[in-house]
Amino acid sequence: MRVSRHYQLGLTQSELEFLDVDIRNDVKAFVDPQALAYIDSDWARECVSLIQDFFDQVVYAIQDGKHFRAQKLLSVLSEPNEAHLGLSKGKSAGSGVGSELATDIWTALRDSRASQSGLLSELQDTILFVDNIGHDRVSDITINIIREQLIKFTQDVCSYYAIPLQRNVVSGQMWDRHTKGWRQAYVSLPVPSKSTGKLLLVPKSIVRRTGIFDPGEYYTHHVLPYLQGLELDEHGPLVRRRRSGLRYVTKKSLRERYEDRPSKHVNVEITERDIRILDQYRGVKSNPVAPLSHDELAELTRTPPVDWQNLLDQVLAVEPGKASADKYHRAVQALLTPLFYPALDMPKREVPIHEGRKRIDITYVNQATKGFFWWLIHNHGTPASDIVVECKNYGKEIKNPEFDQLAGRFSPRRGKFGLLCYRGFSDKLDIIRRCRDAALDDRGYIIALDDNDLQTLVDSRKSGLDTQFEYLHERFRELI
């Protein structure tokens, strides 16, 4: 049974910011630490800092010969069954990292040349170089390290969807980068039943089906090409000539040369010769890899595909007026979350700013790798790490105060672009003029979307052509 069904949320995976896992069994997916590096938010940056700090402590301990400390740091890690991610069949009971396996991982790190040579600077590097560590193990380790951040995320989600929380639940070990150690606390978490235990929700944007760092990919597309060049430069025995006289070396012949050695060992040896191989690979992986698509998530969680028309109908069915303001707000978020995913994700509601004196209806983290929201930052140069959304369920015209209110939510740090969703009881040309006034006064860029605009965007997704970004670009050009 999925989280959404157990708690009767009435929402599908596409409308939710968390992975809609089974409350008893594992979903075959993994948290990837590299995915966190792609997200420009305070929450994600803290996760990255926690992971880096913990891994530094482990590697430093091994390099300094403090093996007892390294082993102790690893042995504290437990099986994060409450996240329901991994390879377990049946009820979640992953092998995790605890006890004997922690010793195995410590031994692998201790014995790996990569630990001593300085190749390992990120947790995900272990996937490339260290035996017995794959993306499933790295996922387990990552969940443990960022458990406190996942608890905060879970609590925020539960608050919005009215999912009941149980108080005084043991958190599990949480890494503290200030004390350089582990700690536990009593926290509030959802507990679906006594038999399932506590539940830890995970943002769908940091979940992958396979690891972003891959030892086979690194070996094939980075190490072997380096060896090909080396063999040619040194006129080695594997060099062949074509009829044209062109010299070449096949990857097959290099594989045969190293066939009696594990590829990770070769990765270490060759990378030690020239660290630029790893630098190049990291450079490639620094380019954001898109999160799982709606279709991939639906397949993964065995949930229905997106029903675009139903999502729009829920917005259109809300009666305009102050009494239905919250209902409109929630319906708009339920539509926008899948509509702009994966470009925008991790929505936050009623975000307080200016010491709580003002609140933003919805903010999204801009993690676009292409399209309008990517163009906004990288081509137009508009600060837009967060996208601000204000919802006005007015049954009357929108005047200057509403535009001033949205512009007042902008800042260089949060961003200077926002969406104003409204019901359409205003002259559209007048709305555009007011948005243009804000842009010309350097108060930020606002695109106002009425019910008809939302219909246009939905039709774009339904068609499969995904022309929504072109439409938004047209609307943006009206402001400049």
Side-chain angles (χ1 to χ4, degrees), residues 13-14 16-19 29-55 83 85 121-128 135-136 138-139 141-143 145-146 149-150 152-153 156-157 201-214 217-218 221-222 278-297 300 336-348 363-379 381-387 413-415 417 466 469:
Q13 175 65 86
S14 63
L16 300 168
E17 60 268 48
F18 60 89
L19 191 67
F30 311 94
V31 172
D32 196 303
Q34 185 65 25
L36 286 160
Y38 300 149
I39 302 174
D40 186 12
S41 74
D42 291 340
W43 183 89
R45 281 189 287 272
E46 177 61 20
C47 289
V48 171
S49 294
L50 289 167
I51 295 167
Q52 184 68 70
D53 187 69
F54 171 78
F55 190 67
L85 300 177
S121 63
E122 307 282 350
L123 175 59
Q124 49 269 43
D125 292 341
T126 60
I127 296 175
L128 305 179
H135 54 271
D136 54 337
V138 167
S139 176
I141 295 170
T142 301
I143 292 170
I145 297 170
I146 67 171
Q149 288 295 96
L150 292 174
K152 292 177 181 177
F153 173 79
D156 181 59
V157 167
L201 301 176
V202 175
K204 64 186 180 185
S205 57
I206 67 172
V207 171
R208 298 293 188 274
R209 302 181 86 161
T210 60
I212 294 174
F213 275 43
D214 182 88
E217 175 190 56
Y218 182 68
H221 300 298
H222 294 267
L278 181 57
D279 291 339
Q280 181 188 52
Y281 187 72
R282 286 175 177 157
V284 171
K285 295 303 179 181
S286 69
N287 298 314
V289 176
L292 298 175
S293 68
H294 286 311
D295 289 342
E296 289 172 322
L297 287 166
L300 186 65
L336 295 189
T337 296
L339 188 64
F340 294 133
Y341 177 84
L344 307 184
D345 198 23
M346 299 189 71
K348 297 195 72 174
T363 62
Y364 287 94
V365 175
N366 185 354
Q367 56 184 32
T369 59
K370 60 181 180 178
F372 173 76
F373 295 104
W374 184 92
W375 172 88
L376 197 62
I377 296 176
H378 298 280
N379 286 71
T382 299
S385 58
D386 288 347
I387 302 299
R413 184 171 180 272
R414 282 189 298 275
F417 176 84
D466 197 15
F469 298 119

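Counting begins at 1 with the first residue of the sequence. The basis for the numbers below is simple: all heavy atoms, side chains too, and nothing from hydrogens, waters or symmetry mates.
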Original post:
Residues two or more places apart in sequence or in another chain: which of them pass side chain to side chain contact (heavy atoms under 4.5 Å, CB included) with Ser293?
Top reply: Asp295, Glu296
Subject >> Trp43 versus Met346, closest heavy-atom pair with distance >> reply: CE3-CE, 3.6 Å
Subject >> From Ile143 atom CD1 to Leu85 atom CG, the distance as rounded to the nearest 0.5 Å >> reply: 5.0 Å
Subject >> Residues in salt bridge (Lys or Arg N to Asp or Glu O under 4.0 Å) contact with Arg45, at least two apart in sequence or another chain >> reply: Asp40, Asp42
Original post:
Excluding sequence neighbours, so at least two apart, what forms side chain to side chain donor-acceptor pair (under 3.5 Å) with Tyr364?
Top reply: Thr337
Original post:
Taking the side chain from His222 and the backbone from Gln280, do they hold a donor-acceptor pair closer than 3.5 Å?
Top reply: no
**OP:** Would you give the length of the straight line joining atom CG of Leu19 to atom CG of Leu292, rounded to the nearest 0.5 angstrom?
**Re:** 8.0 Å
**OP:** Can you sort out the partners of Glu122 under salt bridge (Lys or Arg N to Asp or Glu O under 4.0 Å), two or more places apart, ordered by chain and number?
**Re:** none
Original post:
Mind checking what makes salt bridge (Lys or Arg N to Asp or Glu O under 4.0 Å) contact with Asp125, not counting sequence neighbours?
Top reply: Arg282
**OP:** Could you list the residues that satisfy side chain to side chain contact (heavy atoms under 4.5 Å, CB included) with Asp386, not counting sequence neighbours?
**Re:** Val365, Arg414
Original post:
If every non-hydrogen atom of Val289 is compared with every non-hydrogen atom of Tyr38, which pair is closest and at what distance?
Top reply: N-CE1, 3.3 Å
**OP:** Name all residues meeting the salt bridge (Lys or Arg N to Asp or Glu O under 4.0 Å) criterion together with Glu46; count only those two or more places apart in sequence or in a different chain, and write none if there are none.
**Re:** Arg177
Subject >> Atom pair CG/OG of Leu123 and Ser139 - distance to nearest 0.5 Å >> reply: 10.0 Å
Original post:
Can you name the nearest heavy-atom pair linking Gln52 to Ser121, along with the distance?
Top reply: NE2-O, 2.8 Å
Original post:
Rounded to the nearest 0.5 Å, how far apart are CG of Asn366 and OG of Ser41?
Top reply: 11.5 Å
Original post:
Which residues pass the side chain to side chain donor-acceptor pair (under 3.5 Å) test with Gln13, sequence neighbours left out?
Top reply: none
**OP:** Taking side chain to side chain donor-acceptor pair (under 3.5 Å) as the test, write out the residues that go with Thr142, two or more places apart.
**Re:** none
Subject >> Side-chain heavy atoms of Ile212 within contact of Gln124, under 4.5 Å >> reply: no
**OP:** Only counting residues at least two apart or in another chain, list the ones meeting side chain to side chain contact (heavy atoms under 4.5 Å, CB included) with Ala343.
**Re:** Ala368, Phe373, Phe469
Original post:
Under the criterion side chain to side chain contact (heavy atoms under 4.5 Å, CB included), which of Val202, Ile141, Ile51 is the partner of Ile146?
Top reply: Ile51
**OP:** Begin from the C-alpha positions of Phe372 and Asn379 and carry the test side-chain contact (heavy atoms from CB on, under 4.5 Å) through to its verdict.
**Re:** CA-CA 10 Å; Phe372 173 76; Asn379 286 71; over 6 Å; no
**OP:** List the atom of Pro342, the atom of Pro291, and the distance in Å for their closest heavy-atom pair.
**Re:** CB-CD, 3.7 Å
**OP:** State which residues pass side chain to side chain contact (heavy atoms under 4.5 Å, CB included) with Glu217; sequence neighbours excluded, sorted by chain then number.
**Re:** Asp214, His221, Tyr281, Lys285
Original post:
About how many Å separate CZ of Phe213 and CD of Gln34, when rounded to the nearest 0.5 Å?
Top reply: 4.5 Å
**OP:** Work out which heavy atom in Pro347 is nearest to a heavy atom in Glu17; give both atom names and the distance.
**Re:** CD-CB, 3.6 Å
**OP:** Kindly write out the residues that satisfy side chain to side chain donor-acceptor pair (under 3.5 Å) with Gln367, not counting sequence neighbours, or none if the list is empty.
**Re:** none
Subject >> Value rounded to 0.5 Å, distance of CD1 in Ile206 from CZ in Phe18 >> reply: 13.5 Å
Original post:
So, Asp32 side chain and Arg208 main chain: donor-acceptor pair closer than 3.5 Å or not?
Top reply: no
Original post:
Looking at Val31, Val157, Leu150, Leu16, which hits side chain to side chain contact (heavy atoms under 4.5 Å, CB included) with Pro203?
Top reply: Leu150
Original post:
If every non-hydrogen atom of Ala35 is compared with every non-hydrogen atom of Ser205, which pair is closest and at what distance?
Top reply: CB-O, 4.2 Å
